Colleague: 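Mind having a look at this structure? Questions to follow.
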Amino acid sequence: MDVQEHRGGLDAEGYIEREGSLARVPQAFRQVVAAARERLLDVFGARLDGAYLYGSIPRGTARVGRSDLDLLLSLRAEPTETDRADARALEAALDGEFAEIDGVGTLLFGRERLLSDLERHDLGWFVACLCTPLLGEDLGAHLPRYRPDTLLARETNGDLALLLPGWRERIAAAEDTDEARRPLVRSMSRHLVRTGFTLVMPRWNGWTSDLGEMAGAFGAYYPERAADLRNAAVRGHEPTGDPAVLRSYVDDLGPWLAAEYTRVHGIKAPRP
C-alpha cells in the first residue's frame with residue numbers, strides 16, 4: 001500500500017509529538033506522582049540528572065488499581081548496582097503504599113547514553129516523544145524531532161530476533177502457575193503489538209501508543225496476521241496465564257514478526 005495521509009500523533013510538519021504531560025495525569029494518580037517526585041529527590045539526590053513519567057498515567061488513560069507507574073531516570077553517571085537497588089526499594093515502597101497503582105517500573109540510564117548518537121533513534125526518541133519531564137532538565141531539548149520513518153522503526157524494534165532466546169529462557173524458568181505466567185504474557189503481548197505497529201508505522205504515517213489502534217494499523221497491511229495482533233493487544237491489558245499463548249509467541253508470531261521486520265527495515269544497530 002502507498003503511504004497514507006499523516007495520522008494522529010504528528011504535528012503539522014509530520015513530526016511525532018510528545019504524547020504525555022503532567023496536566024493529563026488523572027486526579028486519582030496525582031498523589032502517587034507527587035510522592036514519587038519527592039522520594040526520587042530524597043533517594044538519588046545529586047546522582048539524579050532528571051526523571052520522567054511514561055505510559056498510561058501521563059497519557060491520561062490509566063485505570064485505577066490496574067495501571068502501573070512507569071518512571072525513567074537519567075543519572076549523571078551510568079547506573080550502578082546501588083542505584084538499581086535503591087530504585088527497587090523505592091518501587092516496592094510506592095507500590096505497597098498506593099492502591100491506585102498495580103506495580104512500579106523504573107528504567108535507569110546515564111545521561112551520556114541517552115544523548116549518544118547510538119541511542120539517538122531509540123532511547124533518545126523515547127525520552128523526546130514518549131516521556132513526560134518530572135524532575136530536572138528535559139533532555140528532549142538536546143534531541144532532534146522525529147518522523148515515523150524506517151530508521152526509527154529499525155532502531156526502536158529491529159532487535160526482536162535477538163530477544164526471543166531470552167524470552168524462551170524466561171518462560172522455561174517461570175513457575176508453572178497462571179500467576180507466574182501472566183506478567184510474561186502481559187509484557188510480551190505489548191512488545192509484540194508495538195513491534196507489529198512499528199513494522200507498518202512508516203506506511204501508516206503516524207504515531208499512537210494505544211494497543212488496539214496499533215493492532216488495527218498492523219492488520220490493515222497484514223490481514224493474515226491481524227487476529228494474532230488483535231488478540232495480543234487484548235492480552236496486553238487483560239493477560240491470561242495460558243502457557244499455550246507464550247509458546248505461540250516464541251514459536252510462531254515472534255519468529256514470523258522478527259523475520260518480516262528484518263526483511264522490511266533491517267536489523268537494529270548492535271549495542272555494546
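Predicted model, so just to flag it, every value in this text is computed and none were measured.
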Colleague: Kindly give the heavy-atom pair with the smallest separation between Asp138 and His142, and that separation in Å.
Modeller: O-CD2, 4.3 Å

Colleague: Report the residues that fulfil side-chain contact (heavy atoms from CB on, under 4.5 Å) with Glu179, sequence neighbours left out, ordered by chain and then residue number.
Modeller: Thr177, Arg182

Colleague: Please list, chain by chain and in numerical order, all residues satisfying salt bridge (Lys or Arg N to Asp or Glu O under 4.0 Å) with Glu137, sequence neighbours excluded.
Modeller: Arg111

Colleague: Applying side-chain hydrogen bond (donor to acceptor under 3.5 Å, both in side chains) as the test, list every pair that has at least one member in residues 83-92; sequence neighbours left out.
Modeller: Arg47-Asp83, Arg47-Asp86, Thr80-Asp83, Glu81-Arg84, Glu91-Thr106

Colleague: Among residues at least two apart in sequence or on other chains, which ones pass side-chain hydrogen bond (donor to acceptor under 3.5 Å, both in side chains) with Arg194?
Modeller: none

Colleague: Strictly distance-based, threshold 3.5 Å: is any side-chain N or O of Arg168 a donor or acceptor partner for the main-chain N or O of Val250?
Modeller: yes

Colleague: Inspect the contact between Arg147 and Asp11 and indicate whether a charged nitrogen and a carboxylate oxygen are less than 4.0 angstrom apart.
Modeller: no

Colleague: Of all residues at least two apart in sequence or in a different chain, which pass the side-chain hydrogen bond (donor to acceptor under 3.5 Å, both in side chains) check with Thr208?
Modeller: Glu213

Colleague: Excluding sequence neighbours, so at least two apart, what forms salt bridge (Lys or Arg N to Asp or Glu O under 4.0 Å) with Arg76?
Modeller: Asp49

Colleague: Pick out which of Leu22, Val25, Asp68 makes a side chain to side chain contact (heavy atoms under 4.5 Å, CB included) with Ile57.
Modeller: Val25

Colleague: Enumerate the ring pair (Phe, Tyr, Trp, His ring centres under 6.0 Å) contacts for residues 43-64, please, sequence neighbours excluded, ordered by first and then second residue.
Modeller: Tyr54-Phe126

Colleague: Quick check for you: to the nearest 0.5 Å, what is the distance between Leu10 atom CG and Glu17 atom CD?
Modeller: 7.5 Å

Colleague: Taking the six-membered ring where the residue is Trp, are the ring centres of Trp204 and Phe197 under 6.0 Å apart?
Modeller: yes

Colleague: Which residue pairs satisfy the side-chain hydrogen bond (donor to acceptor under 3.5 Å, both in side chains) criterion with at least one member in residues 121-132, sequence neighbours excluded?
Modeller: Asp122-Lys268

Colleague: Taking only residues two or more places apart in sequence or in another chain, which ones pass side-chain contact (heavy atoms from CB on, under 4.5 Å) with Arg181?
Modeller: Asp176, Asp178, Pro243, Leu246

Colleague: Got Leu115 and Val127 here, is their nearest side-chain heavy-atom distance under 4.5 Å?
Modeller: no

Colleague: Quick one: side-chain hydrogen bond (donor to acceptor under 3.5 Å, both in side chains) partners of Thr156, sequence neighbours excluded?
Modeller: none

Colleague: Among residues at least two apart in sequence or on other chains, which ones pass side-chain hydrogen bond (donor to acceptor under 3.5 Å, both in side chains) with Thr150?
Modeller: His265

Colleague: Taking only residues two or more places apart in sequence, or in another chain, which ones meet Ala226 in a side-chain contact (heavy atoms from CB on, under 4.5 Å)?
Modeller: Arg230

